[in-house]
Amino acid sequence: MTRTEPHLNRSNVTAPADLAPAKRRIKVALAGNPNSGKTTVFNALTGSHQHVGNWPGVTVEKRSGRSFYQGHEVEVVDLPGTYSLTSYSLDEKVAHNYLVQERPDTVVAVVDAANLERNLYLVVQLLELGAKVVVDLNMVDVAKSQEVVVDAAALEKALGVKVVTTVANKNEGLDDLRRLIHDIGWVELGPRPRVDYGEDVEAEVDVLTSAVQPCPTNGLPIRWLALRLLEGDTDELHHFDAGPCAAAVRETLAGSTARLNSRFGEDIESHIVRRRYAFVRGLVRECVRQPVATVQTASDRIDRVVTNRWLGIPLFLLLMGLAFLLVFRLGAPLSELIDAGFTRLGAGLVAGLAALRAPEWVGSLLADGLVGGIGSVLVFVPNIALLFLAISILEDSGYMARAAFVMDRLMHALGLHGKSFIPLIMGFGCCVPAVLATRSLDSRKDRLLTIMIAPLMSCSARLPIYTLFAAAFFPRQQWLVVFSLYLLGIVLAIIVARVLRSLLFRGETTPLIMELPPYHAPVLKHLLRSTGHRTWLFVRKAGTVIAAAVVLLWILARLPWGVDYASKQTLIGRIGTLLAPIFVPAGFGFWQAAVALLTGIVAKELVVGTLGTLAGTNGQGLAAALHAHFTPLSAYAFMAMSLVYIPCIATIAAIRREAGSRWAGLATGYSLVLGWAVAVGVYQVGRLLGA
Amino acid sequence: MGTKGQLSLADVETGTSVRIGTIQGGRGLVGRLCSMGLVPGTEVKVVGGRRGGPVIVGLRGCRIAIGCGMAGKVLVEPAGDADRAAPEPE
């Protein structure tokens with residue numbers, strides 16, 4: 001089954017660190033299945049010296065960093081977790097392109113010892129690609145608990161590359177890995193394994209090889225290239241686009257494909273995949289002792305309850321409820337602290353500037369504009385951070401995957417993908433991370449659809465609006481009113497999803513095929529790291545986008561000079577007066593409402609703040625002032641408008657980043673129209689019913 | 001039910017072991033399932049889920065959830081002797 005093959009791309013990084021001056025930093029890539037512990041290894045290697053960004057041109061997260069060991073430094077890149085190196089998904093393409101173009105000095109293949117077959121499938125592909133692989137046999141403790149024992153020495157011999165055994169989350173074996181990466185690098189211990197794809201395929205591979213041989217292949221192994229072409233990977237053909245080779249290769253490929261298609265009942269690729277798996281299974285038989293039957297694990301027992309057809313959804317709702325309770329109960333006092341802090345800061349600034357005899361408008365810009373505006377957004381940081389923490393806990397423990405499974409049926413009925421619900425749930429906290437979370441969806445269609453309806457999940461910034469109006473106009477049914485608005489958002493989201501799906505996103509949803517990792521207790525360090533990172537993203541967005549918009553708003557509310565701040569004569573007051581007639585059919589056709597809604601474009605929290613500024617008062621005074629202009633019905637219409645009408649600027653920016661300007665424009669447009677329509681509908685129908 | 005009255009993953013009782021047969025799908029579906037270990041010839045155990053809904057399939061240590069509609073496209077055969085390893089494809 002195995003034949004030896006001359007090694008391509010031979011290079012041995014054996015020079016000890018102190019001999020070779022670092023003319024070029026060593027590059028190490030981490031590859032592996034999702035859930036193989038790859039991220040843990042990456043974090044262990046790089047610690048705080050890591051940077052999270054994007055792979056160029058795509059919305060796939062790129063983690064890179066530096067690893068230090070005994071005075072020596074290497075560059076480490078964490079490739080997206082993939083099950084194979086074909087081009088089914090963006091993740092795989094990114095990983096594949098990196099390996100081919102960057103040619104890292106070492107590729108650490110992180111392998112889950114408890115799932116060796118599936119993990120080795122990727123390793124075999126890496127070896128066929130000619131990568132310089134070092135195998136990190138991780139999670140051996142989990143394997144042992146499942147009675148799986150891997151003979152690392154035998155595996156080394158079979159694969160021809162070094163194998164290091166680790167338990168990354170317990171910090172075991174990592175020093176061996178570091179030493180290997182830093183001092184030794186990739187070594188070849190023996191012949192690289194070669195998969196036998198059967199007489200027919202091998203014959204065609206030979207034919208293709210001779211056709212490809214004279215062509216420029218960028219140093220890629222020819223056998224690998226031939227196999228990829230036979231598998232039907234059209235991406236690889238681009239290597240030959242330029243030059244005389246192109247036509248010859250295509251012709252040969254067509255011939256080979258035709259011959260194989262007539263020979264086999266299934267398509268060629270399936271055949272190749274099966275052969276590769278058969279090889280892997282043989283490997284595993286030689287190197288692993290494991291029970292043949294699938295043993296029931298503790299996770300299975302938990303899952304019997306969690307994914308139970310009757311208990312599944314109620315349990316999910318319970319957990320979500322708990323999460324939100326945590327977020328708001330714990331977050332409220334912290335938010336108040338920040339609010340008080342900002343108010344004091346604003347007052348302090350004004351006083352300080354007055355003492356310095358600075359012109360009054362500077363104080364106003366800083367206090368009313370910047371501090372007030374940004375402060376009203378940052379007040380939510382405790383809530384946001386707690387929301388992220390709750391989600392991280394659910395993700396790390398493994399529950400999120402089960403939740404996607406439990407919700408799949410419901411989501412499917414609504415035309416959405418099971419994994420859409422996570423971003424949608426996050427939308428109840430804040431839409432910016434929700435939009436970013438759609439990256440977990442594999443298909444672009446599903447991602448776009450989820451992004452389009454995410455803003456309809458009433459975010460936490462809208463809550464102050466509801467609280468204000470509900471307390472003022474529906475004192476005895478406050479919670480019912482607020483709950484009805486959340487429900488309205490959900491119902492609208494379902495309708496919009498249906499409409500968008502039939503208009504723009506025809507076709508079936510991508511199937512849900514997802515691994516359910518075993519449950520395990522979340523690691524505090526990792527929780528804090530991911531919560532911190534996501535919260536920082538939110539703060540940064542608030543800091544930049546909202547700051548700029550707030551300053552603009554302030555300018556509009558100040559000019560023309562000499563007029564009272566935010567009064568009817570200012571620019572913004574004039575714009576509000578201009579827009580007011582639009583809202584007459586919705587019951588709030590006066591300029592103050594229009595201005596408030598305008599400021600809501602920057603951040604929904606500003607709506608309440610603006611109303612306060614315009615009324616010249618806060619709290620109780622504001623409620624009284626509202627009664628002068630709104631009725632309970634028009635108040636509800638106004639709240640409905642706030643719910644729907646436009647995502648805040650930070651969300652629009654996030655949508656633009658993830659989906660492009662066209663979709664951001666569509667999201668803005670449809671929500672404005674829909675918001676107006678709903679508000680008008682509510683008001684008019686209410687009037688008809690005699691409210 | 002799969003076509004021609006064949007058994008599919010959607011029809012299997014929880015706790016039963018089956019062997020994966022043909023996967024009725026395009027290149028993408030086949031590739032994705034295979035790369036996760038659900039290769040024709042492999043023996044798996046249905047550990048959760050329900051008819052018509054999503055199914056959880058167990059392959060030794062790992063658990064894979066397959067969504068509605070998909071389970072019906074994976075044809076299976078009843079597993080023979082549970083202790084015999086999966087046969088090699090020709």
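Order of the sequence lines fixes the chain letters, A, B, ..., with proteins taken first and strands second; residue numbering starts at 1 for each chain.
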Most contacts with chain A, counted as non-hydrogen pairs under 4.5 angstrom, among B/Ile23, B/Ile56, B/Val57: B/Ile56

Could you tell me which of B/Gly58, B/Ala65, B/Gly48 has the largest number of non-hydrogen atom pairs under 4.5 Å with chain A? B/Ala65

Go through the atoms of B/Val74 and report whether side chain, backbone, both or neither lie under 4.5 Å from a heavy atom of chain A.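 Neither part, no heavy atoms under 4.5 Å.
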
For B/Leu59, is it the side chain, the backbone, both or neither that has a heavy atom under 4.5 Å from a heavy atom of chain A?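 B/Leu59 touches chain A through backbone heavy atoms alone.
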
Taking every non-hydrogen atom, the tightest pair across B/Pro54 and A/Asp408: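 Nearest pair, atom of B/Pro54 first, then A/Asp408: CB-OD2, 3.9 Å.
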
Of the non-hydrogen atoms in B/Met36 and A/Met514, which two are nearest, and what is the gap between them? CE-C, 4.3 Å

Side chain, backbone, both or neither of [X] within contact of chain B (heavy atoms, under 4.5 Å):
X: A/Gln290; value: side chain
X: A/Phe405; value: both
X: A/Glu515; value: both

A/Leu516 and B/Ile64: CA distance, side-chain angles, deciding distance, side chain to side chain contact (heavy atoms under 4.5 Å, CB included) verdict: CA-CA 6 Å; A/Leu516 299 180; B/Ile64 299 173; over 6 Å; no

Starting at [atom1] of [X], measure out to [atom2] of [Y] and round the result to the nearest 0.5 Å.
X: B/Cys62; Y: A/Leu116; atom1: SG; atom2: CG; result: 12.0 Å
X: A/Asp300; Y: B/Arg63; atom1: CG; atom2: CZ; result: 4.0 Å
X: A/Glu117; Y: B/Thr42; atom1: CD; atom2: OG1; result: 7.0 Å

Please determine whether side chain to side chain contact (heavy atoms under 4.5 Å, CB included) holds for the pair A/Arg276 and B/Val39, giving the CA-CA distance in whole Å, both sets of side-chain angles, and the decisive distance to 0.1 Å. CA-CA 10 Å; A/Arg276 207 179 274 134; B/Val39 186; over 6 Å; no

